[in-house]
Amino acid sequence: MLLWLLFAMLTAVALAVLLAPLTRAPRAGERAAVGTLAVYRHQLEEIDAERERGWVSEAEALAARAEVSRRLLASADAEESATKPAAALPRPRAPIAAAVAALVPLLTLALYLIHGSPGLPSFPMAGRLGLPPEQANIAELIAKVERQLREHPEDGQGWDVIAPIYFRLGRFREAADAYAKATRLQGESVRRLAGFAESEVLAADGIVSEKARAAFERILQLEPSRPEPRFWLALAKEQDGKLAEALADYRALLAQAPAGAPWREAVDGRVAELSRRLAAPGTSEPPPPGPGPSAAQVMEAEKLPAQERARMIGQMVDGLAERLKRDGSDLAGWLRLVNAYAVLNRKDDARAALAQARQHFPTDAKALGELAALAKSLGLDS
Amino acid sequence: MIVELGHFSLVLALAVALVQMALPAWGARRGDRQLMAVAEPAALVQLSLVLFAFLALMHAYITSDFSVETVWANSHTAKPLIYKISGVWGNHEGSMLLWVLILALFGAAVALFGTNLPASLRATVLAVQAGIAVAFLLFIVLTSNPFVRIPPQPQGRGLNPILQDPALAFHPPFLYAGYVGLSIAFSFAVAALIEGRIDAAWARWVRPWTLAAWMCLTLGIAMGSWWAYYELGWGGWWFWDPVENASFMPWLAATALLHSALVMEKREALKVWTILLAILAFSLSLMGTFLVRSGVLTSVHAFAVDPKRGIFILTILVVLIGGALALYAWRAPQLQPGGLFAPISREGALVLNNVLLTTGCATVLVGTLYPLLLESITGAKISVGPPYFNLTFGLLMLPLLAAMPFGPYLGWKRGDLAAAAQRLFAAAIAALLAVVTTFAIMWRGPWLAPFGIALAVWIIVGAASEWATRVQLLTGQAGRVWHRARGLPRSAHGTMLAHLGIGLTLLGIVATSAWQSERVVAMRPGESTEIAGYVLTFRGVAPAQGPNYQEQVGLFAVTSSGSPVTELSPSKRLYDAPRQATTEAAIHAAIAGDLYVVLGDELKDGGWVVRLYFNPLVRLIWIGAVVMALGGGLSLSDRRLRVGAPRRARRAIPSSLFTE
């Protein structure tokens, strides 16, 4: 209500100033060409000054004076003929003023309402950070921790706390960074190394980077029995094109796997895929980075007990979906979400997400192409 | 709430601009003073409203209000305050708002300071100015609205790190003031065509606005070049990048306009041409905006890659430029021709200046647009690079620069070339000495460079000696020199400084292009390397933490012939949001030139790639531009009105007289 009152006042003041000349009588005695004549008179004075300083000869000054005088006369003539008895014709001003006073607010309102959000309050950072913790949502708490970390970047515990939160929110780049800092400040541990390496891989959309590989190798040194670093290192070989070596590593991993290991299935999938590609070299493209996140998510979850695992995957996917609902412009995010739903066998959700993603990129041919390719590879379109 | 008030205020400004466009123009047609009088309060109200909107947006940036889409997309809570403020125009929407704010500022200035203008001319000028404002306000409100709200976000995406630099606070406002200032010349030209009357007084009124725009444009371009020089990390200062050309073309046109308006003011000649130049100069500014904003070009400057906006701007372009040119074609033939002059005269020299500047501008235009046209027609991608521009534009500028010192020595209407040449004797000697000395010092070449140096010296000494003659520096009594210098009109000092500035810039360009040295080396801590007489010892690299970035800072100790000179610390930064790396060059500025060090990538053996440059006299390029702008400022402060003193032809008038 206050806002509308201010709008009205702003409009009223603007209109009052704008229309003031229409309510006043025109100033009399002002002539149209006063300015022009003044310019030429100045020019004449200036010629005299130059003559006095000796910059121009008498003959030059005379010629210049004659030229300017001609302009002066011509301008005065033009003024005589152009002068109209302006004040002699009283014209009705009220209709014009009324029309302006009516049209300006209407037009302003119409254009304002296209993009305006009069109901939405401001949302400055200062107000948000002052809220008590129970009212602030998780994102604001993160912002708070981030601010503290910015002031005390050597606070290793802070990085340790925020790293897994970033990971769960799908902010893998920041998670990797936080894990790296925690490792540097708090010392190396398998948990931090694994967190760093997996965040690194997920941030790169499933590509095992050099840094991630070094971290996985370090984990294996610390704890040779862990299966997941071996999986990732095999995947890295696969991505490097060393298919035969990767296949051998996968098989070795399977051979040592306990009978009921839940991650067998994922490794089996890679073995089948690689055997097929090795059998028919050259006919098949290297796998798109798409499978990376899905395999990665599966692997990440394999470490946990089944119940915990389901909860965590659900959380991750929901976090992603929530983020995309707020900001739909992240194509990579949509691709990941559709992929994740498909992997979790939530085909309906996957189709819904696909449709939503398409709505966000109605004109972007490249994005639509990528979405279509993903849908085809997951068998969602049929 | 402040954001919504700002939004409303902006839309209200649009409605007010519509009124300012309609009523005064109508009043001017009917000779109705009351309607014409609406123009001034309207211009002031429009400025207040746009300013309020701009401040509201700035408030949203400073308080990190992430419920505003542009703030969320371009800001971050961890960003230092100065970048929160300058980030307001570090994006498409905000920069358009700044554009309109400057437009409103110039309009209000005409309303306040234009009291010596005839009422109907002033009303028409302000109406045309409002028309431009309407076009751009509509564009902002409908397609690039900076006040669009979104559900509140916890954190913003941050500003492109390359733009997180103090230069962002100055480069765009100056450049826009230059672009937009030319709109006043445009409005005056269109108003003169509508009124059907144009005379020497018109040129007098347009001149200060053109001069102010030209100054801002000069400073804006120089700042952009300086920014690119230290930020992009490879020591170049001009790349003939289409976006740079887009700002350079209006500058060339504005320079030509300044000179032709001078002829018009003193002699009432070149009227039709001056009007056309005024229209073209602003058209080139608009085209610059279009090229940068439409996403036709991709570069640092292309904030908004959105074809819808491009089409909107294209429409504005067609309506404004096409309309003005159509009006010109219709009304220009009815204008009366002005004074006559002989080919060798001040006017003749200024015509030469105009011909060469506009031709140069045309070659830049062709070089900028040809690749775009070719790509859109045949799909072939070609790149027109520095060789093309150096060969065409560079060659065209040679005669212009060589002839420049003659201009101020020539008399109006009919000049004496021999006498002018005689007075330039000192400059010629200095140029000759420059060739000989340069050859003696830099005998290894390149062999054209000494002549470039000589040209620069010719211009500098030529400009200075003209001024010295005027104040009788060498011939008159010493005590009277100061008095005479005081008595000299400020515009004469201005001319001298502007021409001298060109010479300084040229000196910098020639020296740094001819004798830049560059080395790329791999260095391990403790190792030393040598460039241009400096010895650099690499001490090592240390990590550091900035407000919103982490960096790796290299440390170099610099010595010259055994004695320590300075320590340089170039760095590589990685910004948090958006996650992007930048290189920060370290520069040691000495009189002879800049030592420029860039830290490259780390090597596997613990060494680092280090790039070293020595750019001789490179600073003169920007110092020259500042001197030019100072000259413009001096001229601007000269309230004196100039009048050429035509010399009566003693013989019969020669057959080869120029008219228009």
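Since we're looking at a predicted model, the values are computed, not measured. Reminder, nothing fancy here: chain letters follow the sequence lines and each chain counts from 1.
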Less than 4.5 Å apart, any side-chain heavy atom of I114(A) and any of V141(B)? no
If I take atom NE2 from residue H115(A) and atom OG1 from residue T143(B), how far apart are they, to the nearest 0.5 angstrom? 8.0 Å
Please state whether the side chain, the backbone, both or neither of P153(A) comes within less than 4.5 Å of a heavy atom of chain B. side chain
Between L142(B) and chain A, with a heavy-atom cut-off of 4.5 Å, which part of the residue counts as in contact: side chain, backbone, both or neither? both
From CA spacing to verdict: side chain to side chain contact (heavy atoms under 4.5 Å, CB included), E154(A), Q545(B): CA-CA 10 Å; E154(A) 73 291 351; Q545(B) 171 88 35; over 6 Å; no
Could you tell me whether a side-chain N or O of R149(B) sits under 3.5 Å from a main-chain N or O of P121(A), the two making a donor and an acceptor? yes
Is there a side-chain contact between I96(A) and L35(B) (heavy atoms, below 4.5 Å)? yes
Quick one, M1(B) and L6(A) - any side-chain contact, counting heavy atoms below 4.5 Å? yes
Cut-off 4.5 Å, heavy atoms of chain A, and the answer for L5(B) is both
Pairing residues for R157(B) by the salt bridge (charged side-chain N to carboxylate O under 4.0 Å, His left out) criterion, not counting sequence neighbours: D327(A)
Counting heavy-atom pairs under 4.5 Å to chain B, which of L2(A), D177(A), L107(A) comes out on top? D177(A)
Side chain, backbone, both or neither of V17(A) within contact of chain B (heavy atoms, under 4.5 Å): both
Looking at CG of L18(A) and CD of E40(B), how far apart are the two atoms once the value is rounded to the nearest 0.5 Å? 12.0 Å
Which atom names give the shortest non-hydrogen contact between V11(B) and T108(A), and what distance separates them? CG1-O, 3.3 Å
Using non-hydrogen atoms only, which part of Q550(B) is less than 4.5 Å away from chain A: side chain, backbone, both, or neither? side chain
Hey, does the side chain of E4(B) reach the backbone of S117(A) with a donor-acceptor pair shorter than 3.5 angstrom? yes
Apply the test side chain to side chain contact (heavy atoms under 4.5 Å, CB included) to residues V38(B) and L22(A): give CA-CA distance (whole Å), side-chain angles for both, the deciding distance (0.1 Å), then the verdict. CA-CA 7 Å; V38(B) 171; L22(A) 295 186; 3.9 Å; yes
S9(B) portion near chain A, given a 4.5 angstrom heavy-atom threshold: both
Residues which pass ring-ring contact (aromatic ring centres under 6.0 Å, His included) with F8(B), listed by chain and number, not counting sequence neighbours: F7(A), Y112(A)
Could you check whether atom CD1 of I150(B) has more than 12 heavy atoms from other residues, nucleotides or ligands sitting under 6.0 Å from it? yes
Close side-chain approach of E67(A) to E268(B), heavy-atom, < 4.5 Å: no
4.5 Å side-chain heavy-atom contact, V13(A) and V45(B): no
Contact class of W202(B) relative to chain A, heavy atoms under 4.5 angstrom: neither
Considering non-hydrogen atoms only, spot the tightest contact between A15(B) and V104(A) and give its length. CB-CG1, 3.8 Å
Evaluate E146(A) against T77(B) for side chain to side chain contact (heavy atoms under 4.5 Å, CB included), listing each step before the verdict. CA-CA 10 Å; E146(A) 277 174 342; T77(B) 48; 5.9 Å; no
Evaluate D199(B) against R71(A) for side chain to side chain contact (heavy atoms under 4.5 Å, CB included), listing each step before the verdict. CA-CA 8 Å; D199(B) 44 31; R71(A) 284 181 214 153; over 6 Å; no
As an exercise: rank N145(B), L10(B), V3(B) by heavy-atom pairs under 4.5 Å with chain A and give me the winner. N145(B)
In this structure, CG of L18(B) is separated from CG of L103(A) (nearest 0.5 Å) by 10.0 Å
Of all heavy-atom pairs linking P21(A) and P41(B), the shortest is CG-CG, 3.6 Å
